[in-house]
Amino acid sequence: MKRQIAFYRNKLLQDGSAIDQGLALLAQDDGIISSGPDDLCQLGAAVLTRLGGCALILARPPLPISEWLIAHAGSADTLIPPDSETRTFLHDIPILRRDEFRSDPVAALTARLGQRKGVLVEGIGLVAVGPLTLEQAYVNLSSLFHALFVKTLHDLLLQPCGPQEQALLAAVRAWTTPLTLAGLAFCDRADLNGNTQIAHEMERVGRYTVEQRLVDSFFGNISCRDDQQIFISQTAASLDALSGCIDPVPFDNSTTCGITASSELLTHRRIYEQTDARTILHGHPKFAVVLSMHCATRDCAIDDCWRDCPQVRDCVGTPIVAGEVGAGGLADKVVPVIANSGAAIVYGHGVFTIGHHDFAEAFTKLLQIEQACRDEYFRRVDANS
Amino acid sequence: MNGWHGQALHIDLTAGTLQRRQLPTDLLTGSIGGRGLGVRLLRDTIHLTTDDPDLPLIFAAGPLSGSGVPASDRVAVVSRSPLTGTVFDGSAGGTFARDLKSAGVDALIIQGCSPQPVWLRLSGTEASLQPAAQLWGGDIPTTLAALSGHGSVATIGTAGENGVLYAGILFGQGNAAGRGGLGAIMGGKQLKAISVQGDQATTIADPTRLQKANRDILRLFRASPPLFGEFGLQAFGTATFVDLMAQRRMTPTDNFRATVFPNSTHYSGPALRHALHPTSGGCNGCPIACKKFNHSGIPLPEYHTLSHFGALNGLDDLPALLAASADCYRLGLDPVSAAVTLATASEIRGDTLTAADLTPRLEAIAQCKDEGALLAQGARRLAVALGRPEVAMTVKSLELPAFDPRGAYGLALAYCTSGRGGCHTRGNPISYEILRRPVPTDRFSFAGKARMLRIAEDSIAATDSLAVCRYALFGASLEEYADALSAVTGVDYSSAALATVGANIVLTERSYNLDNGFTADDDLLPERFFTAAGSHGQDTQVPALDRDRFLAERCTYYHLRGLTDTGTFPAASGPLLP
Ligand code: SF4
């Protein structure tokens, strides 16, 4: 358990969703093991004991998004993430303000975590629970950060930016790490053959995707085809830990073992059936997600844009489509546009890219789209200032 | 009241009386419905033996039944099992729960024994006992046909009439409270069938909030590979598990002497699809629609039926497996217990079942005649009678389902802590050890499994009490169903509050079992799993379970439940149902 705590501590610091002095991780089996500042660990231990779950993470993000969101939430007691993926998963995010928290912080936090997977706590940051495993707490925390980061950036596009917002944007600029292909190696098309080689390459490219922050927690997926089958990452698999988590799914559906494959299997299959793609990469790069939801149309009659928008919009030269994940019909929306462009952004969700021969093409495209979206985001928000 | 009606129909079969009585509000809010309500209502009678007419047989719907919440129209049938001696509940789908609620009651509480066969007719506010001499001796399809037009029907077959210890209660369309011999309890009361119908709606406190909760649930369903994925339950039904269990080397084969059956592809999901082109259907209001039917509308076998008549008994002939499944349905037998009992007999006698043996043996079991009389007692009693008790693959006398515990250590623990005996459904570790829902865990490790199991058992007990299908938890969680329950009833529940109710149910069941003489010795797997390895694969080793590690984790489980090292309650006992 100690090793696991150290692992996820390092992961949260690496992926930029927490700062060291504001991060506490706790897990319990026979007793509670924790890592982090004493005051947070004490609070966390009391909450975890009452909740009875396996793990709890308290994390202060490296950006002042918590404070900004709480200050702008008015009297609301929850925030609703606008992006579709985390909304499906989190529904809404309770806010726990200092005054509600002061008299009995343990009771207040326990009550909120008894309702939702994570909470935004004034003065602490994000708190997420993992009922079954520490990894689950990490996934919830990471999703919470993703949802709130995206919401903050999206909100900033919709309002004039004052000095506070400028400071926040400066912090965001400093937080974004450079996207680069330097030092990355890819398997040549001629070598991308055989189960072992394909699996190794998927593991490597999955790791690159996480390292470049193009995906959060265990969302995102990756696949490669040969003549007979699709090799695809399993559901709830972290792209930087794909060893043993790749399902071979025959095109003829002669076995049902693919039941553990990614929930986007159908989209991958349709892309392979209807294009000449050899590889597919699907990430949740934050700036692409934010921009996909920034729509100039006014007085539109559609409420659930993420699912029902019939338009193929454009962002940095890449088509944006709406659609619901899994069996919700996303495949029908993505396939018609991806053949020409080699990429598609899904409203409030993420980006699909394809490679015709190898992963280098798919990965480069994903990276370039996110870089272009970053540049475009800051151009728009600067214009707003 | 919203959600609940606050009423139960009490039926005294000995006196022939039927009476509606109020159910106290705190009893309903504290036990919710379904399994929780049934278990709570047994409090004063659970010590009665299973042949005592006063032992109640309870049918309980949930507050969500009839509300339109996805997968919420299940009914719990609760009593004490003649097979296991434990408190026992079965969850059945179809339309019965909806129609029970529409007759204005949350539960039926049936006691006594009728002097002659009867069936219970509940139609709106009218309730009566009808003579069933004409129906007695009839099989399930015949009885369902005879009572068509009376709403939803629950009935027993000849197995229930004759007291087969694993006779089920059938609801039509392949729905059943199949396990544990609840059909024998019904038969012992001379109650052939129950019909329910009415026009009373389940009222909803906050329709707008409910709409949102339902949307949240459905989005999670659609994003869940085991539910709506290409190989999920909607596409293939539970037969989808045939290939998965084979690939994981977890197919109980040859009475659990091996864990892979090469010919399981003969009856896998794709094989059924190819041979039969099944159509889909489901329980009332369930979008998952996991039931599969052949072109004549006959329900196709579930995974455990296929695998146990198949791999466990060495049969790969699809038509024979379909026939065995249909026989069990027709006669009102639990196919899992029947198949394990047959495999036990085969191992002891050193012979192998043939396809031609199946129908005559199942008939003999249902009639309790000739060799069927012993087979009707279940695997443990049969093995004891034949002097080979170690051959019975049971826990607390309940025959194990078709997931081998050597391939998933949380599952091994779950079979033993389950209050109703060897059954995976109480903690369903298949979800997090195999299907990666909600998170993946290492199936070949005991680390942390006691806590995971405790949390999953609480969650499932709460789900059973909402009378929601357990498959819903492959997509949604108590979080979304707490929102739905709050919206329907107007009583605020959080997922934590629901889990607490679940924990109280689990502890109450345990206290009943302890009072009836069960001990930690009963929370144990058969010796075979600790001494013999499963079938290794190219990349997968399936060793025997480490007994010491198993016992240590079981002890951790007891502690997490507030119990002593031996699984009993300390002097100041834990919370039970109010
Ligand atoms: S998933 Fe299947 S068993 Fe469960 S409620 Fe739906 S149709 Fe019935």
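Keep in mind that the numbers below use all heavy atoms, side chains included, and drop hydrogens, waters and symmetry copies. Proteins get letters first, then strands, A, B, ... in listed order; numbering begins at 1 in each.
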| request: Using non-hydrogen atoms and a 4.5 Å limit, figure out which bit of A/Q28 sits close to chain B: side chain, backbone, both or neither. | output: both
| Which residues in residues 218-230 of chain B have a heavy atom less than 4.5 Å from any heavy atom of chain A? | B/R219, B/L220, B/R222, B/A223, B/P225, B/P226, B/F228, B/E230
| Under 4.5 Å from any heavy atom of chain B - which part of A/R116 | both
| request: Heavy-atom distances under 4.5 Å only: say whether B/D483 touches chain A with side chain, backbone, both or neither. | output: side chain
| said: Side chains of A/T133 and B/Y432, heavy atoms from C-beta outward: is any pair under 4.5 Å? | reply: no
| task | Could you tell me whether a side-chain N or O of B/R436 sits under 3.5 Å from a main-chain N or O of A/T235, the two making a donor and an acceptor? | result | yes
| request: Could you walk me through whether A/N253 and B/F231 pass side-chain contact (heavy atoms from CB on, under 4.5 Å), step by step? | output: CA-CA 9 Å; A/N253 280 352; B/F231 305 107; 3.1 Å; yes
| said: Quick check: under 4.5 Å, non-hydrogen atoms only, which of residues 256-263 of chain A neighbour chain B? | reply: A/T256, A/C257, A/G258, A/I259, A/T260, A/A261, A/S262, A/S263
| message | I need the contact set between residues 491-501 of chain B and chain A: heavy-atom distance under 4.5 Å, sorted by residue number. | response | B/S494, B/S495, B/A496
| said: Is B/I455 in contact with chain A via its backbone, its side chain, both, or neither, using a 4.5 Å heavy-atom distance? | reply: side chain
| note | Answer key: most heavy-atom pairs under 4.5 Å with chain B among A/T255, A/L266, A/L330 is A/T255
| task | Could you look at A/Q115 and say if it's the side chain, the backbone, both or neither that has a heavy atom under 4.5 Å from chain B? | result | both
| message | Looking at chain A, which one of B/H559, B/Q247, B/R454 has the largest number of heavy-atom pairs inside 4.5 Å, strictly under? | response | B/R454
| message | Heavy-atom count check: over 12 atoms from other residues, nucleotides or ligands less than 6.0 Å from A/Q197 CD? | response | yes
| query | Top residue by heavy-atom pair count (under 4.5 Å) with chain B, among A/V249, A/T110, A/T88, A/L113? | reply | A/T88
| request: Give, as side chain, backbone, both or neither, the part of A/L134 having an atom under 4.5 angstrom from any heavy atom of chain B. | output: neither
| request: Tell me, yes or no, whether the heavy-atom count around A/D303 atom CG, taken from other residues, nucleotides or ligands under 6.0 Å, exceeds 12. | output: no
| message | Checking B/E433 now: which residues fulfil salt bridge (charged side-chain N to carboxylate O under 4.0 Å, His left out) with it, not counting sequence neighbours? | response | B/K449
| field | Heavy-atom proximity to chain A below 4.5 Å, by part of B/R215 | value | neither
| field | Engaged part of B/E480 at the chain A interface, taking heavy atoms whose separation is under 4.5 Å | value | side chain
| field | A/S254 versus chain B, the contacting section by heavy-atom distance below 4.5 Å | value | backbone
| said: Contact between B/P438 and A/L132 at the side-chain level, heavy atoms closer than 4.5 Å - yes or no? | reply: yes
| Residue selection (most heavy-atom pairs with chain B, distance under 4.5 Å) from A/M1, A/Q136, A/H91 | A/H91
| request: Report the option among A/G114, A/C245, A/C54 that has the most heavy-atom pairs separated by less than 4.5 Å from atoms of chain B. | output: A/G114
| Spacing of A/D29 atom CG and B/E553 atom CD [to the nearest 0.5 Å] | 6.0 Å
